[in-house]
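To start, the structure itself, in structure tokens.
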Amino acid sequence: MTPMDDASGPHTPDDTLHSATCWRDKGWTAQVIKNEDDDGWAVAMTRDGESEPALVGPWTMGRDKKNPKPLDTGAFNTLVKTASEVLRRAEQHLEATLHKQLWVETGAARWSIRLDITPDEDEPWATLSAEDEDGQRVAEVRVRPDFRFTRTSALAWIEGGFQRPR
């Protein structure tokens, strides 16, 4: 896919541009691009400061059925909302992947067990921690980032006196 014009070059967040094929406003750039594989058009939404688009989706043909429909305020606002939602969902997914929690009940108590992964390029690691029902941290150990975090492994950790799992 290729851009329709060179408006996607370096810019400052204060730059505002409203053209038929490129809108830059509100911290986002919408760029209409030609789909090289067919006769269609697409629009790429890129957040300021990012090198890759957060969203690439189909774009409507104009009335001449050859050129793209021009960008306008309503379309741009909808694209910003959609791209922001895509990023929000990706962030939520990453958060859920890196931070897990479950509750485990033993005969004597109820424990909140957490696994928090620190994604380091060289040496990722994780922390396994336990809190009692009052929210007091009672144990914390460093574990491998691929630690199998299940109710069974959490119960075994509790029953083992919160010793570092092997």
Side-chain angles (χ1 to χ4, degrees), residues 1 7-18 22-33 42-60 71-166:
M1 297 186 182
S8 62
H11 65 279
T12 65
D14 294 331
D15 290 343
T16 299
L17 173 67
H18 296 164
C22 183
W23 275 53
R24 185 178 303 123
D25 205 344
K26 300 180 183 180
W28 289 90
T29 299
Q31 178 72 56
V32 175
I33 51 181
V43 63
M45 288 296 295
T46 307
R47 188 163 50 179
D48 283 353
E50 300 291 327
S51 59
E52 295 293 321
L55 173 73
V56 176
W59 189 244
T60 308
L71 289 164
D72 61 28
T73 302
F76 180 76
N77 289 340
T78 299
L79 289 165
V80 167
K81 182 178 178 183
T82 303
S84 296
E85 179 68 14
V86 166
L87 290 180
R88 187 182 70 75
R89 286 184 182 171
E91 290 166 357
Q92 286 177 333
H93 176 73
L94 179 60
E95 178 72 17
T97 301
L98 297 177
H99 305 285
K100 301 175 183 178
Q101 178 183 14
L102 52 84
W103 287 90
V104 177
E105 293 188 31
T106 63
R110 186 169 187 236
W111 306 95
S112 169
I113 309 298
R114 293 181 54 99
L115 179 69
D116 295 298
I117 300 171
T118 302
D120 184 293
E121 283 187 31
D122 297 326
E123 286 191 47
W125 54 281
T127 302
L128 183 63
S129 61
E131 292 181 357
D132 63 18
E133 287 183 276
D134 297 327
Q136 297 297 314
R137 180 144 308 176
V138 295
E140 181 176 295
V141 295
R142 193 166 173 165
V143 295
R144 295 178 43 92
D146 60 353
F147 176 76
R148 186 168 169 90
F149 186 65
T150 64
R151 187 168 308 285
T152 302
S153 65
L155 185 57
W157 184 52
I158 295 166
E159 290 173 350
F162 300 107
Q163 296 298 312
R164 185 173 178 202
R166 297 197 167 112

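If you read the sequence from its start, that first residue is 1, and numbering goes on from there. All values derive from a computational prediction rather than experimental measurement.
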So, taking the atom named [atom1] in [X] and the one named [atom2] in [Y], what distance separates them when rounded to the nearest 0.5 Å?
X: D116; Y: Q101; atom1: CG; atom2: CD; answer: 9.0 Å
X: S112; Y: R137; atom1: OG; atom2: CZ; answer: 8.5 Å
X: R142; Y: R164; atom1: CZ; atom2: CZ; answer: 8.5 Å
X: K26; Y: D48; atom1: NZ; atom2: CG; answer: 13.0 Å
X: F76; Y: M45; atom1: CZ; atom2: CE; answer: 5.0 Å
X: I158; Y: Q163; atom1: CD1; atom2: CD; answer: 13.5 Å

Check the surroundings of atom CD in Q92: do more than 12 heavy atoms from other residues, nucleotides or ligands lie under 6.0 Å from it?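 Atom CD in Q92 is packed in, count exceeds 12.
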
More than 12 heavy atoms of other groups within 6.0 Å of R144 CZ: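 12 or below, so no.
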
State, to 0.1 Å, how close [X] and [Y] come at their nearest heavy-atom pair, and which atoms those are.
X: T29; Y: C22; answer: CG2-SG, 3.8 Å
X: L71; Y: A30; answer: CD1-O, 3.7 Å
X: P119; Y: P124; answer: CA-CB, 4.3 Å
X: A126; Y: P145; answer: CB-CA, 3.9 Å
X: R110; Y: E133; answer: O-CG, 3.2 Å

Does the side chain of [Y] come within less than 4.5 Å of [X]'s, by heavy atoms?
X: T97; Y: I117; result: no
X: T46; Y: Q31; result: no
X: W23; Y: V43; result: no
X: T73; Y: H18; result: no
X: D132; Y: W111; result: yes
X: K100; Y: L102; result: no

Any sub-3.5 Å donor-acceptor pair from D72's side-chain atoms to G74's backbone N or O?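 Present.
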
Identify which one of L128, V143, T152 satisfies the side chain to side chain contact (heavy atoms under 4.5 Å, CB included) criterion when paired with W157.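 Answer after filtering L128, V143, T152: L128.
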
Do NZ/NE/NH1/NH2 and the carboxylate oxygens of E85 and R88 come within less than 4.0 Å?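 Salt bridge present between E85 and R88.
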
Verify side chain to side chain contact (heavy atoms under 4.5 Å, CB included) between L79 and W59, making sure each step is shown before the conclusion. CA-CA 11 Å; L79 289 165; W59 189 244; 4.1 Å; yes

